[in-house]
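Encoded as structure tokens, the structure appears first; notes follow it.
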Amino acid sequence: MTLKAQPKASHFIDGEYVEDEAGSVIESIYPATGEVIARLHAATPAIVEKAIAAAKRAQPKWAAMSPTARGRILKRAADLIRERNRELSELETLDTGKPIQETIVADPTSGADSFEFFGGIAAAGLNGSYIPLGGDFAYTKRVPLGVCVGIGAWNYPQQIACWKGAPALAAGNAMVFKPSENTPLGALAIAEILHEAGLPKGLYNVIQGDRETGPLLVNHPDVAKVSLTGSVPTGRKVAAAAAGSLKHVTMELGGKSPLVVFDDADIDSAVGGAMLGNFYSTGQVCSNGTRVFVQRKIKAEFLKRLKARTEAIAIGDPMDESTQLGPMVSWAQRDKVLSYIEKGKAEGATLITGGGIPNNVSGEGYYVQPTVFANVTDEMTIAREEIFGPVMCVLDFDDEAEVIARGNATEFGLSAGVFTADLTRAHRVVDQLEAGTLWINTYNLCPVEIPFGGSKQSGFGRENSLAALEHYSELKTVYVGMGPVQAPY
Ligand code: NAD
């Protein structure tokens, strides 16, 4: 029997689907029902070798093409992704359980934006410079790194496959991408589209696998760079392994970001921002503002409106366009989130709404209610650890200096947000909050034009914008002597 979302084979290497049944079985499960929708195999060492060898073979010719010609192919891929948005969004919903209402506006389309942006700037974003030296001179070139490895998380499988692939390819690299074992399907569709757009074979390869497969890529001597999207513990392991052969690394890791709401803020906007920053993608977003600091004067009104709007969220079948909140990606993630909710209750936080499993959905799905805790204090586990689910912690504060200090009192530094009508204060506060990406009077918007990434334990390197091109290339400096060499001997 063919399963609902069974791809032609597990891996996409050198322009074609490849299978190796010797690899351990990866079951792709639709999180809304628990149904197995595809069965794939993790890459064996032979598959890893095949993918890296294909990338290595293809890369020099690609790097030698003009950036405009490379960009043209990437822009064509962007158009194809947009044309197939519905089909790709349905696949993304099957892969992740995220509601189609979201995937249709946020997943393939943000991948298309990435190919369009990097396709467009490839020609202008890779220029070097001329350095006059009084007779002699030097110039710099921006050159690709070679074979780059991308390793993805499960919350935005198609977006991550594109956010890593687009700048890598624009800069003249080849990529081997390994999606999360929880969401193996989307990246294969992206690889197919890239090749249909005219990408020469071998430049974008997808191999399946888990935490056993990742190290085979990270330790491989022919790999020049690793870009990981994942948790902090995985980031530490991958960075340590990459350091063994001094590979370039980009680390897009987890967070526990502060979202600060001052008492002069537009309360409805702040509530909307906090909900987007906690419940979108069922809370499975790395940059979420999961510590919502609300100034004491507006706490009661903020919680009243937040509770009413949270209880009105439509939970249910992700394929139904009116559904606003789907299941967690996996049973394990559902259990993890429920155990954090229990810790919140046990440690004395006040449950405002949610706190369990919704009763309007099938027991087979991995659903959790959107949950709000108030009176959360800085020491509670739910205020310190990344939950990665629809659990919002509301904390009280009195003044600006206090909230900045408490906002920064975390090992993470991915994002932060401020809601206030006082723009001077807004800029003063974001200036002091320790994070890589910050928002004023909005939350979680990450268009391709702006750099995205973390500080502190949330990682380093940047995705999107011109900054990403720099992380997929390096400078070559050429000194040109214009006169005879003045040697002292
Ligand atoms: P994870 O760390 O468990 O896995 C991430 C990826 O790394 C998977 O593909 C996994 O197979 C692979 N992996 C695991 N161990 C490895 C190893 N030793 N060597 C090489 N690869 C290995 O993360 P997850 O559970 O898939 O995703 C959730 C985490 O990702 C959260 O912490 C979230 O905050 C983070 N995240 C960060 C961003 C960002 O851009 N900063 C975006 C999305 C998710």
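Just the heavy atoms: all of them, side chains too, but no hydrogens, waters or symmetry mates, feed the values below. Each ligand, and each atom within it, is numbered from 1 in the order the structure gives.
- When heavy-atom distances to ligand 1 are checked against a 4.0 Å cut-off, Leu217 has no atom that comes that close, whether in backbone or side chain.
- If you look at Val285 next to ligand 1, there are no close heavy atoms at all, none under 4.0 Å.
- Residue contact check: Gly152 has heavy atoms under 4.0 Å from atoms 5 (C), 6 (C), 8 (C), 9 (O) of ligand 1.
- When only non-hydrogen protein atoms are considered, atom 43 (C) of ligand 1 lies nearest to Asn155 ND2, 3.0 Å.
- Under 3.5 Å, the side chains of Glu19 and Ser10 contain a donor-acceptor pair of N or O atoms.
- Side-chain contact check for Thr44 and Asp20: at least one donor-acceptor pair (N or O, by modelled atom type) lies under 3.5 Å.
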Legend entry - From CA spacing to verdict: salt bridge (charged side-chain N to carboxylate O under 4.0 Å, His left out), Arg84, Glu196: CA-CA 13 Å; Arg84 292 189 204 154; Glu196 207 179 314; 2.5 Å; yes
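- With ligand atoms numbered from 1 in the order given, ligand 1 contributes 9 (O) to contacts under 4.0 Å with heavy atoms of Ser180.
- For atom 5 (C) of ligand 1, the closest non-hydrogen atom on the protein side is Thr229 O, 3.6 Å.
- Geometrically, Lys336 does not engage Phe388 in a cation-pi contact, judged by NZ or CZ lying under 6.0 Å from the ring centre and within 45° of the ring axis.
- Heavy-atom proximity to Ala153, at under 4.0 Å, picks out these atoms of ligand 1: 26 (O), 27 (O), 30 (O), 44 (C).
- Side-chain contact annotation: Lys256 with Thr410, donor-acceptor N/O pair under 3.5 Å absent.
- At least one side-chain heavy atom of Asp378 sits under 4.5 Å from a side-chain heavy atom of Phe293.
- Considering only non-hydrogen protein atoms, atom 34 (O) of ligand 1 sits nearest to Glu386 OE2, 2.5 Å.
- Distance from atom 13 (N) of ligand 1 to its nearest protein heavy atom, with residue and atom name: Thr234 CG2, 3.6 Å.
- Using a 4.0 Å heavy-atom cutoff, Leu228 is listed among the residues neighbouring ligand 1.
- The proximity of Phe452 to ligand 1, defined as any non-hydrogen pair under 4.0 Å, is limited to the side chain.
- Close approach of ligand 1 to Asp210 is summarised as follows: ligand atoms under 4.0 Å from at least one heavy atom of the residue are 11 (O).
- For Ala5, the side chain to side chain contact (heavy atoms under 4.5 Å, CB included) partners two or more places apart in sequence, or in a different chain, are Ile37, Leu91, Leu94, Leu185.
- Residues Val223 and Leu217 have side chains not in contact (no heavy-atom distance under 4.5 Å, counting atoms from C-beta outward).
- Ranking the protein heavy atoms by distance from atom 38 (C) of ligand 1 puts Cys286 SG, 2.9 Å first.
- Among all protein heavy atoms, the one lying closest to atom 28 (C) of ligand 1 is Phe388 CE2, 3.6 Å.
- Checking Ser287 against Asn444 by side-chain atom types alone, a donor-acceptor pair falls below 3.5 Å.
- Listed by atom number, the atoms of ligand 1 under 4.0 Å from Gly254 heavy atoms are 32 (O), 34 (O).
- Here the protein heavy atom with the shortest distance to atom 21 (N) of ligand 1 is Gly214 CA, 3.6 Å.
- The closest heavy-atom contact to atom 29 (C) of ligand 1, among the options Gly255, Pro157, Gly230, Gly453, comes from Gly230.
- For the 3.5 Å distance criterion, the side chains of His220 and Glu49 qualify, holding a donor opposite an acceptor.
- Using modelled atom types, one finds no donor on one side chain facing an acceptor on the other under 3.5 Å when comparing Glu434 with Ser455.
- Using a 4.5 Å heavy-atom cutoff, the side chains of Tyr443 and Tyr280 are not in contact.
- Of all the atoms in ligand 1, the ones that sit under 4.0 Å from a non-hydrogen atom of Lys178 are 8 (C), 9 (O), 10 (C), 11 (O).
- When only modelled atom types and interatomic distance are considered, Thr103 and Thr93 share a side-chain donor-acceptor pair under 3.5 Å.
- Under 4.0 angstrom from ligand 1, the non-hydrogen atoms of Glu181 all belong to its side chain.
- Every atom of ligand 1 with a heavy atom of Ser231 under 4.0 Å away is listed here by number and element: 1 (P), 2 (O), 23 (O), 29 (C), 30 (O), 32 (O).
- Distance from atom 7 (O) of ligand 1 to its nearest protein heavy atom, with residue and atom name: Ile151 CG2, 3.4 Å.
- Using a 4.0 Å cut-off between heavy atoms, Glu463 makes no contact with ligand 1 at all.
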